[in-house]
Amino acid sequence: ALPYALGGLIPLLIGMLTLVWRRLIGMFNFTLAESPRGLRVTRGLTNLTSQSVPIDRIQGVKVGQSLLWKPLGWYRVDVDILGYTQDDSDNNESNASSVLLPVATLDEVELAIGRVLPGFNLAAIELLPPPKRARWLRWFDFWTLRYGWDDRTLITEQGWLSHVRDIVPHAKTQSVRIEQGPLQRLLRLGDVHVHTPRGPVTAVA
């Protein structure tokens with residue numbers, strides 16, 4: 001049985017190593033800098049690629065931190081970008097990336113968000129937990145759920161294996177959906193989905 005098990009594990013390990021290697025190669029020497037069009041991303045080891053990220057096209061921000069990264073104080077920042085096309089004359093990569101910072105410290109994250117969302121006082125937004133009865137539906141991570149807003153922004157948080165904070169300016173919201181299943185109705189709960197253009201940001205309160 002062991003040879004058969006190894007035969008199944010080897011392709012899986014090769015696939016995982018290939019994925020990690022491609023990510024390392026693709027994000028190697030990652031640089032985020034100011035540009036006349038907003039922000040400029042350059043990255044790559046064997047093939048240097050560049051991408052322009054206009055500030056006014058950014059529709060939402062996602063800040064993630066995996067459980068393994070927490071002791072190191074590392075974060076990842078992704079953004080939703082409106083109307084990005086692969087044949088943009090100011091971009092020379094075949095696939096546009098939503099990654100704003102692949103690995104960053106908290107200070108770097110705050111600096112980038114301050115540039116992407118100038119004038120927004122996110123630190124002043126109080127994040128609220130869901131009602132205690134939400135644990136009956138989200139027993140596996142109810143203590144990580146948070147949401148908050150002011151007159152310009154909505155923030156949601158969730159996850160413990162990978163903690164994610166989604167930030168969506170009200171002006172960039174495309175639509176809002178309120179969802180309530182049978183168990184939610186019984187518990188007087190509901191989900192509020194804030195829609196942005198297709199991308200990594202998934203704001204759900």
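Counting begins at 1 with the first residue of the sequence.
Interatomic distance, W136 CH2 to L183 CG, rounded to the nearest 0.5 Å: 12.0 Å. T156 contributes atom OG1, which lies 12.5 Å from atom CH2 of W149 (distance to the nearest 0.5 angstrom). Atom-to-atom distance recorded for R198:CZ and S98:OG is 11.5 Å, nearest 0.5 angstrom. Atom CZ of F142 and atom CG of L137 lie 12.0 Å apart (nearest 0.5 Å). Rounded to the nearest 0.5 angstrom, H170 NE2 and R152 CZ are separated by 10.0 Å. Distance CG/D56 to CG/L82: 8.5 Å, rounded to 0.5 Å.
Here the closest non-hydrogen pair linking R40 and S50 is NH2-OG, 2.9 Å. Minimum heavy-atom separation, Q59 to P169: O-CD, 3.6 Å. Considering all non-hydrogen atoms of both residues, P129 and R146 come closest at CB-NH1, 3.6 Å. Between D78 and V99 the shortest heavy-atom distance is OD2-CG2, 3.5 Å. Nearest heavy-atom pair across R115 and G38 is NH2-O, 4.0 Å. In this structure, E108 and V103 approach most closely via the heavy-atom pair OE1-O, 4.4 Å.
Under the 4.5 Å side-chain criterion, counting only non-hydrogen atoms from C-beta, I55 is in contact with L39. The side-chain heavy atoms of T202 and V164, taken from C-beta on, include no pair separated by under 4.5 Å.
Both V63 and I125 are part of a single hydrophobic cluster, where members link through side-chain heavy atoms under 4.5 Å apart. The cluster map of Ile, Leu, Val, Met, Phe, Trp and Tyr, joined by side-chain heavy atoms under 4.5 Å apart, puts V77 and L72 in different clusters. Hydrophobic clustering keeps V61 apart from V194 (ILVMFWY residues linked when any side-chain heavy atoms are closer than 4.5 Å, directly or through intermediates). L117 and L32 fall within a single hydrophobic cluster, where Ile, Leu, Val, Met, Phe, Trp and Tyr side chains are chained together by heavy-atom contacts under 4.5 Å. Taken together through direct or relayed side-chain contacts under 4.5 Å among Ile, Leu, Val, Met, Phe, Trp and Tyr, I81 and V168 form parts of separate hydrophobic clusters.
Here the side chain of R138 pairs no donor or acceptor atom with the backbone of L145 at under 3.5 angstrom. With D80 contributing its side chain and T196 its backbone, the two residues share no donor-acceptor pair below 3.5 Å. Side chain of Q158 to main chain of T144: no donor-acceptor pair is present (N/O by atom type, distance under 3.5 Å, no hydrogens or angles). A donor-acceptor pair under 3.5 Å links the side-chain atoms of R133 to the main chain of L187, judged by distance alone. Of the possible donor and acceptor atoms, none in the side chain of K172 sits under 3.5 Å from a partner among the backbone N and O of R57. Proximity of a side-chain donor or acceptor of R135 to a complementary backbone N or O of K132 within less than 3.5 Å is detected.
At most 12 non-hydrogen atoms from other residues, nucleotides or ligands lie less than 6.0 angstrom from CD1 of I178. Within 6.0 Å of atom CZ in R177, more than 12 heavy atoms from other residues, nucleotides or ligands are found, so the atom counts as buried in its surroundings. Within 6.0 Å of the CH2 atom in W69, the count of heavy atoms belonging to other residues, nucleotides or ligands exceeds 12.
Using cut-offs of 30° and 60° for the angle between ring planes, the H193 and H195 rings count as tilted. Using cut-offs of 30° and 60° on the angle between ring planes, the pair W143 and W160 is tilted.
When the salt bridge (Lys or Arg N to Asp or Glu O under 4.0 Å) test is applied to E126, no partner is found at least two apart in sequence or on another chain.
Checking each of L122, L154, V201, V79 against I167 for a side-chain contact (heavy atoms from CB on, under 4.5 Å) leaves exactly one that passes, namely L122.
Think of L186 as one node in a network of Ile, Leu, Val, Met, Phe, Trp and Tyr side chains linked at under 4.5 Å; it has no links at all.
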side-chain contact (heavy atoms from CB on, under 4.5 Å) between Q180 and L189, intermediate numbers included: CA-CA 7 Å; Q180 191 179 49; L189 298 170; 5.8 Å; no
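The list of salt bridge (Lys or Arg N to Asp or Glu O under 4.0 Å) pairs with a residue in residues 154-166, not counting sequence neighbours, reads E157-R165.
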